[in-house]
Every structure is written in structure tokens, then in C-alpha cells.
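Before any comments, here is the structure.
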Amino acid sequence: MKYDVQETEIRWQKEWAKAKVFETEANSNKPKFYCLEMFPYPSGNMHMGHVRNYSIGDSMARFQRLMGKNVLYPMGYDSFGMPAENAAKKEQGHPHYVTHRNIASIRADQERMGYSYDWRRSLTTSDVEYYRWNQEIFLMLNEKGLVERRYAPVNWCNDCDTVLANEQVKNNRCWRCGLEVIQKDMAQWFLRMTDYSDELLDELDNISFPENVKSMQRNWIGRSQGANIDFTVFNSDSKISVFTTRPDTIFGTTFVTLSPEHHLCEELCKNTEWEKGWRKLHDECSKLSEFERINMLKDKKGVFLGKYAVNPLSKEKIPIYAGNFVVASYGTGAVMAVPGHDQRDFDFAKKYDLPIKQVLSNELNDDNDGDIKSAFEGYGAMINSYTDKFDGLYGEDAKNAIISELENIQSGEGAVQYRLKDWLLSRQRFWGTPIPMIHCKSCGVVPVPKSSLPVMLPLDVIFREDQSGNPLDNHKDFINVNCPICGNKAKRETDTMDTFYDSSWYFMRYCDSNNANSPFDKETVDYWMKGGIDLYIGGIEHAVMHLLYARFFTKIIRDADMISVGEPFGRLVCQGMLNSPTPFCSKCNVDYHIDFFDCNCPTCGELLGQRSAKMSKSLGNTISPGQMVDIYGADTVRLFILFGANPEAGMDWSDSVLEANHRQLKSIIEALSSALLMPKSSSKMDNWIIAKLRKNQEKWKKVMSDVSLREGVMLSHFTMLSDWNWYRRRGGNNYEIAIEFLKTWLPMLSPITPHLAEEFWYRMGQEGYLAKFELPENVIPNNDNIILSYETLLRNVIDSSRNVKGLAERHVDSEITTLTIQTSPKWKYDLAREAITLQSKGFDFRSKGTEYLKSLPIFKNEQIRGEIFQTWTILTIGTKKKRGKIFTWAEDDKNLITNMNNESEFLSSNINFISKELGLDFVTIYSVGEGEDVAGKARLAFPLEPGIAFT
RNA sequence: GCUGGGAUACCCGAGUGGUCAAAGGGGCCGGACUUAAGCUCCGGUGGCAAAGCCUUCGUGGGUUCAAAUCCCACUCCCAGCACCA
């Protein structure tokens with residue numbers, strides 16, 4: 001039967017859409033499965049990374065439908081953001097139209113892949129139907145006090161008159177005009193994410209994220225336990241508060257270092273000889289990007305500020321410095337420097353010749369009272385304290401003692417610091433959700449009343465290349481508004497929201513996408529989100545930002561009583577990189593554009609080799625999914641991508657593997673087609689194939705439930721086919737069995753290659769769509785394993801015969817025509833069964849085995865006594881290298897031995913097949929002793945391992 | 001430097017104590033079919049004197065009757081964080 005890939009795939013895609021087979025509603029009578037993929041930015045066409053992401057998701061969605069789950073599988077577009085503005089500028093248009101054009105194109109690509117989304121739920125964040133809820137939620141957060149407006153430094157380009165994102169700053173210069181970027185303090189909107197630091201961190205222990213993601217989030221939140229300690233400034237009312245994780249080293253403090261931006265710096269050195277030095281350091285630091293600053297910091301610099309601080313416990317007077325290595329935004333922006341026990345402070349002290357004091361004993365290295373070469377950063381017993389009561393204290397005890405002393409004298413307290421900062425929400429850009437606030441001269445900053453929402457982005461804006469800044473700033477209709485409180489003329493806020501805000505709750509909106517009255521209905525979202533999203537698939541690049549924002553958002557939504565769960569994602573799978581061959585110079589360690597294949601290295605001149613590198617536009621090593629689908633069809637591309645590697649692993653693109661996968665599908669199609677044309681002729685293989693079918697299916701269900709897709713594909717697309725081929729090779733040819741087989745095989749094929757599965761479901765004459773089919777529960781009959789074991793025995797005998805034949809051919813001069821198989825004599829079977837029974841009772845063969853053997857009636861047979869003894873040993877004890885057979889036989893082998901009536905009879909019933917497989921004229925099979933002992937192989941015969949001789 | 005993850009045959013990749021010379025795929029080799037294949041099917045793919053023996057799962061040690069698998073040390077690779085007090 002003909003199978004036209006393109007025609008068939010497109011036909012079924014249309015059929016599925018027409019019949020609305022993927023549309024779902026909440027249904028409390030059915031277990032749910034929420035399968036979600038990371039929100040795509042619609043940048044034009046779908047790329048291979050998307051294909052991988054969605055092929056994983058779609059196959060899991062389809063699998064869970066088969067398993068009887070009510071599956072929510074939505075798709076939508078995260079469409080706000082800079083790229084659309086830039087594209088609009090290029091074509092002198094509006095981001096809205098650019099966005100919608102791109103969405104249409106990516107959606108067409110997705111549909112062509114056959115992804116089973118419920119398209120009714122699709123949403124686009126740049127549409128007012130979505131972003132109006134952003135605004136409503138924002139107002140709610142504002143009421144709850146989670147919104148803050150405060151000044152913060154931003155990257156600013158004077159030429160372009162705009163704020164730059166970190167990634168738009170290259171070498172501290174604007175990516176567009178090349179002017180040096182400065183840090184500018186601007187009023188910004190923040191969400192108080194730090195209120196949730198502890199919950200965000202602690203909950204990580206309970207969610208099933210991959211370890212690397214958890215570790216990244218822990219790093220990012222960066223909680224550290226310590227103390228805030230107040231140092232007073234000598235002869236002044238000012239205080240310097242420092243944060244330290246090592247209060248136990250307080251007596252080793254020999255100076256205090258402030259970040260150059262610290263508000264006290266100016267106050268301390270103003271109008272003194274020290275001011276100039278500080279200003280210089282301050283200016284140097286403030287114009288550096290964070291990246292440069294970290295690089296520059298290798299060179300530690302500091303200036304004395306001319307004043308002294310007083311250690312609250314020892315009352316020592318110590319100098320105050322400003323240092324470029326102290327980060328203003330971490331802790332209090334001030335450090336108590338303990339050069340004896342902190343390497344960084346040690347280096348600084350050496351450079352500026354400041355005293356170094358040891359206040360912890362270093363047991364490992366106690367004898368060096370002379371020159372100290374480095375700081376001792378470990379824990380040690382306190383020494384040299386200014387009062388006896390601390391000496392000898394160690395580690396946590398020491399820290400706690402210092403903290404409580406500080407609390408007693410009100411000069412400090414235990415404190416926790418986080419690296420995590422509040423979420424800077426505002427962007428000085430056009431293409432984002434307008435922040436619903438109004439600036440009124442008399443009333444201040446006031447929220448837009450809920451009834452006046454949404455604040456819509458104007459569509460009558462033309463973007464031009466030469467434009468800079470935010471067009472909203474100059475849009476009179478947008479900006480001019482009356483104050484909702486006093487009614488006087490006021491201005492709208494023109495900042496828009498970070499797009500991570502959009503993607504922090506889109507998965508909740510999917511549950512109730514078309515709700516026109518609220519973001520979503522609580523009952524509905526609770527049904528779908530219970531226990532979190534069951535499977536969330538996406539790239540590792542969102543490990544920190546998106547996944548953390550979304551977790552935070554879910555918690556504030558929960559605290560607003562709009563949802564019941566506090567963690568949005570149940571299981572998270574981060575798909576691996578997609579690589580493809582790229583020219584590479586191993587000497588220079590550089591990847592080159594694919595144009596350089598087989599060329600010499602432009603740098604060192606050596607011939608370039610190749611290696612796998614991440615698919616990227618700059619290397620040109622991308623593969624266009626559309627092109628591949630045009631050649632091979634969606635099913636082949638899906639099979640390649642899912643079989644190529646497990647979801648988490650990286651994978652390499654390979655044309656030859658893709659073609660091989662295409663051939664595999666052709667073989668499957670051929671097998672399916674011919675199965676439908678079989679006559680109704682039953683054979684002894686019918687039971688075998690059905691038993692194998694059940695076994696494969698059980699295994700398949702298990703591995704697929706674990707998202708072990710590669711293993712799943714191996715079973716559904718490789719093992720099942722080769723089993724079916726074996727069935728046919730062994731004479732299986734029964735239409736009724738074929739139908740029974742296909743009724744399970746086609747569903748197994750459908751998650752990965754849905755079109756071909758659906759097509760044959762149809763050709764087979766099944767009612768309804770396979771896409772909606774639910775696999776019935778299987779009952780596995782007990783004797784399945786025995787049926788399979790018999791066949792395994794036959795295959796093993798043929799395999800070893802084949803090996804032995806090769807040997808025989810080398811040793812025998814004449815042509816080989818005859819195979820003689822001597823199966824194990826009955827007494828060996830009897831002994832084997834005896835041993836198996838004893839083993840199941842926990843018999844100790846080492847101490848009592850021989851004695852037991854001697855008590856058996858068979859042992860009286862003196863002629864074969866030696867062989868009996870040997871057999872017993874092989875069975876129960878084994879040799880130096882091998883354990884006894886009863887320990888190495890699998891359960892199935894043991895069952896077979898126990899149940900085997902007559903091995904030679906079984907093999908004889910397959911004599912024609914054996915001779916055909918081995919290309920022989922004569923095959924003789926008998927039990928040892930019932931015929932001539934050809935080539936003395938009788939002794940080798942063992943249960944399941946007959947003696948084999950060729951002549 | 002810290003944290004997390006790795007290293008398995010020509011390549012990709014499964015494999016958490018014995019049934020492991022190690023699944024599956026690619027590649028390669030051989031055979032069958034065919035006028036002919038780059039199609040399809042079957043077989044082989046560490047070594048050897050071959051129903052066996054020897055060597056091999058990053059390197060070196062150890063535990064065990066038994067190690068790819070457990071423990072220790074080291075090397076290298078990937079990722080994240082980083083003068084974070």
C-alpha cells in the first residue's frame with residue numbers, strides 16, 4: 001500500500017483540528033496531566049531547539065492521553081520585548097504587526113509538526129486581552145505593599161538617551177552607538193521579591209528540579225548567615241555597620257573597608273587631604289560595568305579616608321578605608337577587615353602595610369609565629385581576645401557568643417544576607433505592559449483605578465531607525481491623563497514591565513485562557529495546577545531568571561488567595577543542547593563558520609578539523625526544521641530527535657542518522673502494510689508474539705512515565721519491529737494476530753510518530769481517532785514468560801551453533817553439512833531442578849552440598865559418578881571465576897528448566913527452521929545417550945546448553 | 001577558588017555488585033536478494049590457538065569469593081557562581 005508522507009501527515013493534522021480532538025476542559029472525575037513547554041518568543045520561524053522542546057512535550061502529552069489522563073497541553077507566545085521594536089524600526093512599522101506576522105509563521109511550523117496543542121487556549125502576551133491582567137495583578141500587588149518605587153543605578157547611554165539592558169552593553173560601550181555607558185540613578189519600579197527569599201530557597205529541597213538547576217538557584221539566592229556589627233567612628237556620632245559571616249574573628253579586625261559608593265565616604269573625608277583620593281577611586285568604579293569591575297578587581301585598590309573606627313568589643317581604634325573590592329549592594333557595603341583570617345583582607349593589608357593579627361588558633365600550622373604567608377580561613381579556637389571569656393571557643397559557639405555579646409551592648413545582632421535582590425520590574429521601553437500608574441503634581445504617584453484598566457499601548461506609533469528612547473514619552477494621547485484623585489492634569493507612567501512578568505503566570509492563564517472577567521478562575525486553575533505542572537520542559541538558560549520569577553509569582557498569587565499551590569512546577573526537564581558539525585581548530589581552540597569546512601585555520605594556518613558545536617546562527621551550523629520536514633516528513637524528524645538522545649542529554653545532528661531513522665519508519669510502514677494483508681493462518685508463534693507484545697508494552701509504559709523517551713522509542717520503534725519480523729521469519733502469518741498486535745503497537749507508535757500511527761489505525765478500520773484512544777489495562781498471564789523462554793532457548797541454540805560453525809569450518813577440511821545437537825540427559829535436568837529447589841529454600845551448598853548429593857539415589861550409579869559430582873559442582877558452587885549456574889540463571893531460565901518436558905523434542909519441532917537459519921542439509925537432535933556421541937560433545941551438554949557438533 | 005554534573009568500544013549512548021566482552025543506534029565488514037545498487041533482509045564488528053582463555057568501561061589504589069557498578073586519591077571535560085564579607 002502506498003504511503004505518501006506529506007499528504008498523510010497534513011491530512012491527519014487537518015482531521016485532528018476539525019474533530020477538535022485535543023481540546024480539553026477541567027474534569028474533576030479524571031486525573032489530569034499538565035504538560036507545558038517554555039514560553040517561546042516568536043522571532044519568526046521555528047528552529048531545531050524548539051522542535052526538540054515541543055517534540056518531547058508532544059510525545060509526553062500524547063502518551064499521557066493514552067494512559068487515560070485528562071491532558072492540558074497549551075501553546076502561546078511571549079511576544080513583548082526588544083526584538084520586535086528593532087524589527088519595527090527596520091521596516092518602519094509597529095511591533096504589534098511584526099509580532100503577529102511572526103506568530104502566524106511559527107504557528108504554521110508548529111502545526112506542520114503535528115503538535116497536539118489545544119489551540120483555543122493560545123495566548124499572546126502583547127495582546128491587551130493578556131496584558132490587561134498583568135496590570136490588574138500589578139495593582140493588587142501594589143495594594144499588598146509588594147510594589148516599591150525607588151532609585152537604582154541603570155546602564156545609561158547619553159547619545160541614545162535610553163536605558164540599556166546588561167546584554168546591550170559590550171565592553172562598557174553602547175551596542176548601537178559605541179558611546180561609553182554610564183551608571184545613572186533613576187526612579188524604578190520594584191517587586192519585593194526578597195520578602196520571599198527564605199521560602200524560595202528552602203522549598204528547593206522539596207521540588208524535583210534537576211540538581212544543577214537547584215544549585216544555580218541556591219547560588220543566586222545566596223543566603224549567608226552572620227552578624228551586623230556596628231563600628232562607631234572615632235570622635236563622631238556616625239556608625240559604620242558591617243556584615244560578616246565570621247563574627248568569631250572580630251578581634252582580628254585591623255581596619256574597616258567601605259565600598260567607594262558608601263554614603264559615609266564623602267562625609268568622612270570631605271574637605272580633607274583624603275577627599276581627592278576617594279573621589280578618584282569612586283569615579284573609576286562607578287563608570288565600570290559589572291563585568292569590567294570584576295575583571296579589574298584582581299588589582300585591589302584602596303584609599304585611607306582619614307578617620308578611625310572603634311571596635312565595639314575591644315575598643316581598638318582602627319583606620320577606615322574605601323576599597324574597590326567592596327560591593328555596595330551586598331550586605332551593608334562595608335567590611336570589617338580581618339587580614340589574619342581572610343585572604344582578600346590579607347592581600348590588601350600586605351599592599352598597604354596594615355597590621356595582621358591572628359585571633360584563631362591554627363592547629364595544623366601552629367608553630368609559625370614569624371612571617372605569615374597567607375590568611376588562615378578555617379575554624380579555630382579563639383585566642384588573643386581582649387577578654388578571657390571568649391578564648392577557647394570554637395566555630396558556631398564562638399560566633400554565637402560574640403553575637404550575643406554584641407546584642408547585649410547593643411552594637412550589633414545576628415543577621416542573614418541574601419545575594420538575591422528585589423525584582424527591578426520597570427523598563428524604559430515601549431513594547432511591554434504599561435505600568436498602570438499616574439504621576440500627579442499634587443497627589444504624587446497614584447495607581448490607575450481598576451475600572452480604568454486596561455492602559456493600552458497606542459497603535460498609532462511609527463518606529464524609525466533613527467529614533468531613540470521610548471516613544472511613549474512623546475505620545476500625547478497616551479501620556480496626558482487626569483489624576484484619578486484630584487482630577488487635575490497628570491502624566492501617565494511611561495515605563496513598561498519586564499517581560500519576565502508576562503511569563504511568570506502565563507501557565508495559570510492557560511488553565512482558563514478565555515476568561516474575560518478575571519485572570520483565571522480559582523477552581524479551574526487549582527484543578528490543573530494541583531501538585532504543580534506535571535511536566536515542564538525547557539532550556540537550562542532559564543534556570544535562574546524565569547524559573548525563579550515564576551516561583552515567586554506563584555507564591556504571591558497564592559498569598560492573594562487566587563491559587564492553592566505555592567510551587568508552580570512539579571517535574572522540570574531541561575532539554576540538552578542541539579549540536580551540529582562545525583569546523584574547528586584544535587590548536588587555537590576555536591569554532592569557525594561552516595563556510596570554513598576543509599579550509600585552513602585563518603589564525604594558525606593548519607587544516608581545520610571538525611567537532612560538534614551548539615547550533616547557532618553565527619556559526620551557520622543550524623539545520624532548518626522546515627527543510628527536513630519537506631524532505632522526510634514530521635514523523636521522521638520527531639523520531640530522529642527523540643531517539644537521538646534522552647531529553648536532558650546533548651545531542652548531535654547527523655544527516656546519516658536522520659536518513660537511517662527515515663528508513664526505519666519505512667520498514668515500520670512496510671511491516672504494518674503487510675500485516676493487514678495476512679491470511680488467517682494460525683501458527684505456534686502466535687502465542688509468542690502476543691506474549692512479547694505484552695511484555696514490551698509493560699516496559700514501555702514504565703519508561704515513558706519516567707520521561708525516558710529514548711528507551712521508550714527503542715521499544716516502540718525498534719524492538720517491536722524486530723519482534724514482529726522475527727514472528728514472520730518463524731512462520732507467523734495470522735491476520736487475527738496481526739490485528740491484535742497492531743491494536744497495541746499503533747498506540748505505542750503514536751506519541752513519537754503520530755501521523756503514521758493514526759493512518760494505520762484508520763486503515764485497520766478502527767473506530768474513532770487513535771489520538772483520543774486510551775490504552776486498556778493489561779493482565780499479564782503467568783505463562784507468558786515460559787512461552788518467551790522457549791523461544792529464547794531456540795535463539796540461543798542457533799546463535800551458539802552459528803559461532804561453533806565458524807570454528808568448525810576452520811578446522812574441518814570437508815564441507816560442513818550436518819549438525820548434531822545432543823541435549824542434556826535427564827539426570828542433569830533432575831540435578832538442576834533439585835539444586836533450584838534447594839536454593840529457593842536457602843540451602844547452604846558449600847557446607848552441606850556434597851553430603852546431600854551423596855544421599856540422592858542417582859549417586860549410586862558408579863559409572864557416571866565422577867560426572868555427577870562435576871555437574872553438581874558446576875550447578876551449585878561454580879569455578880574460581882564463575883558462580884554456580886543456579887546463581888547465574890535468570891528466573892526465566894529456572895522456570896523453563898523446571899517446566900521443560902523434553903528439550904530435544906522441543907528443538908526437534910523446530911528442526912526445519914534451524915537448518916534453514918544455518919544453511920545446513922541435515923540436523924539431528926537427540927538427548928545424550930539416545931544416539932552416537934558425535935565429537936565427544938555429550939559431556940558438554942547442560943540444561944539449556946546442548947552439545948553441538950558439526951560434521 | 002566554591003558548587004553541581006560528567007568520563008563506557010571507531011562514534012553516539014544504555015548500564016548502580018554476579019545472568020557483562022557490556023543493550024540500542026550510527027559507521028564499517030561479510031552474506032542473501034536484485035540486471036544493478038547508495039533499496040531491503042540476515043550475520044559480524046577487543047584479541048587469540050575459540051562451546052574456552054586473555055585484555056578492556058578516564059588514571060592509580062582499596063573493599064569483596066565477585067567491581068563498569070561500592071570506597072579513597074588523582075587527571076581531564078562541561079555548566080553555574082565568584083575578592084559576596
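Everything numeric here is computed off the predicted structure, so don't read it as measured data.
- Among the nucleotides B:G43, B:A85, B:A51, the one closest to the side chain of A:I948 is B:A51.
- Checking A:D347 against A:Q343 by side-chain atom types alone, a donor-acceptor pair falls below 3.5 Å.
- Pairing of B:G1, defined by two Watson-Crick or G-U wobble distances under 3.5 Å, is identified with B:C81.
- Dashed line: the shortest gap from a side-chain N or O of A:R802 to OP1 or OP2 of B:C42 is not under 4.0 Å.
- The nearest whole Å value for the distance from the CD atom in A:E809 to the C1' atom in B:G43 is 13 Å.
- A donor-acceptor contact closer than 3.5 angstrom links the side chains of A:T194 and A:D422.
- Comparing A:N661 and A:W220 along RNA chain B, the residue whose closest nucleotide (by nearest heavy atom) sits nearer the 5' end is A:N661.
- Residues A:I914 and A:I798 have side chains in contact (heavy-atom distance under 4.5 Å, counting atoms from C-beta outward).
- The closest side-chain donor-acceptor pair between A:K399 and A:Q225, if any, does not fall under 3.5 angstrom.
- With both ends at atom C1', the span from B:C74 to B:G31 equals 49 Å, rounded to whole Å.
- In terms of polar N and O atoms assigned as donor or acceptor, the side chain of A:R344 comes within less than 3.5 Å of the base of B:A85 in a complementary pairing.
- Across the strands present, B:C28 finds its partner in B:G44; the criterion is a Watson-Crick or G-U wobble pair with both atom distances under 3.5 angstrom.
- A:K399 places its NZ atom 12 Å from the C1' atom of B:A85, with the value rounded to the nearest Å.
- Between the CZ atom of A:F887 and the C1' atom of B:C65 there is a distance of 12 Å, given to the nearest Å.
- Rounded to whole Å, the P atom of B:G18 lies 10 Å from the corresponding atom of B:A68.
- Put simply, CG on A:L547 is 15 Å from P on B:G80, counting in whole angstrom units.
- With hydrogens and angles left out, the side-chain atoms of A:N696 and A:D723 include a donor and acceptor closer than 3.5 Å.
- A:R246 has no carboxylate O lying under 4.0 Å from a charged side-chain N of A:E377, or vice versa, which leaves the two without a salt bridge.
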Protein-to-nucleotide contact annotation, 5' to 3' order, nucleotides 6-11 of chain B [B base; S sugar-phosphate only; - none; under 4.0 Å, heavy atom]: ------

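- Going from the P atom of B:C10 to that of B:C48 covers 14 Å, rounded to whole Å.
- Within residues 710-721 of chain A, the residues approaching RNA chain B are A:R710, A:M714, A:F718, by heavy-atom distance under 4.0 Å.
- Base pairing of B:U69 is not made with any nucleotide, judged by Watson-Crick or G-U wobble geometry with both donor-acceptor distances under 3.5 Å.
- OP1 or OP2 of B:C41 lies within a sub-4.0 Å distance of a side-chain N or O belonging to A:S667.
- Using a 30° and 60° split on the angle between ring planes, A:F845 and A:F843 fall in the perpendicular class, above 60°.
- As rounded to whole Å, 20 Å separates atom C1' of B:A23 from atom CH2 of A:W700.
- For the OP1/OP2 pair of B:U40 and a distance below 4.0 Å, the side-chain nitrogens and oxygens of A:R663 include at least one atom meeting the criterion.
- Here B:U35 sits opposite no nucleotide as a Watson-Crick or G-U wobble pair (both hydrogen-bonding atom distances under 3.5 Å).
- With B:C81, B:A85, B:A79 as the candidates, the nucleotide lying closest to the side chain of A:M216 is B:A79.
- The side chain of A:T245 approaches B:A85 more closely than any other nucleotide in the set B:A85, B:U19, B:G26.
- Atom-to-atom, CZ of A:F255 to C1' of B:A85 comes out at 12 Å; the value is rounded to the nearest Å.
- Taking the P atoms as reference points, B:A7 lies 14 Å from B:C71, given to the whole Å.
- Around NZ of A:K699, the count of heavy atoms belonging to other residues, nucleotides or ligands within 6.0 Å does not exceed 12.
- The partner of B:G17, taking Watson-Crick or G-U wobble pairs whose two distances both stay under 3.5 Å, does not exist in any strand shown.
- Side-chain proximity of A:A890 to B:U19, B:G25, B:G43: nearest is B:U19.
- More than 12 heavy atoms of other shown residues, nucleotides or ligands fall within 6.0 angstrom of atom NZ in A:K351.
- If A:N646 and A:K937 are placed on RNA chain B by their nearest nucleotide, the residue sitting closer to the 5' end is A:N646.
- Taking atom CG of A:L420 as the reference point, atom C1' of B:C84 lies 13 Å away to the nearest angstrom.
- Here the CZ-OH distance, from A:F348 to A:Y321, works out to 6.5 Å after rounding to the nearest 0.5 Å.
- Nearest to the side-chain atoms of A:V657 among the listed nucleotides B:G4, B:G26, B:C84 stands B:G26.
- Within the structure, a side-chain polar atom (N or O) of A:S224 is placed less than 4.0 Å from OP1 or OP2 of B:A85.
- The aromatic rings of A:W889 and A:F942 sit tilted, their planes meeting at an angle between 30° and 60°.
- Note on A:F643: only backbone sugar-phosphate atoms sit closer than 4.0 angstrom, heavy atoms only; bases stay farther off.
- A:Y418 places its OH atom 20 Å from the C1' atom of B:A82, with the value rounded to the nearest Å.
- Judged by Watson-Crick or G-U wobble contacts below 3.5 Å, the nucleotide B:A7 has B:U75 as its partner.
- Atom-to-atom distance recorded for A:N228:CG and A:S411:OG is 12.0 Å, nearest 0.5 angstrom.
- Using a 4.0 Å heavy-atom distance criterion, A:P946 is classed as a base contact.
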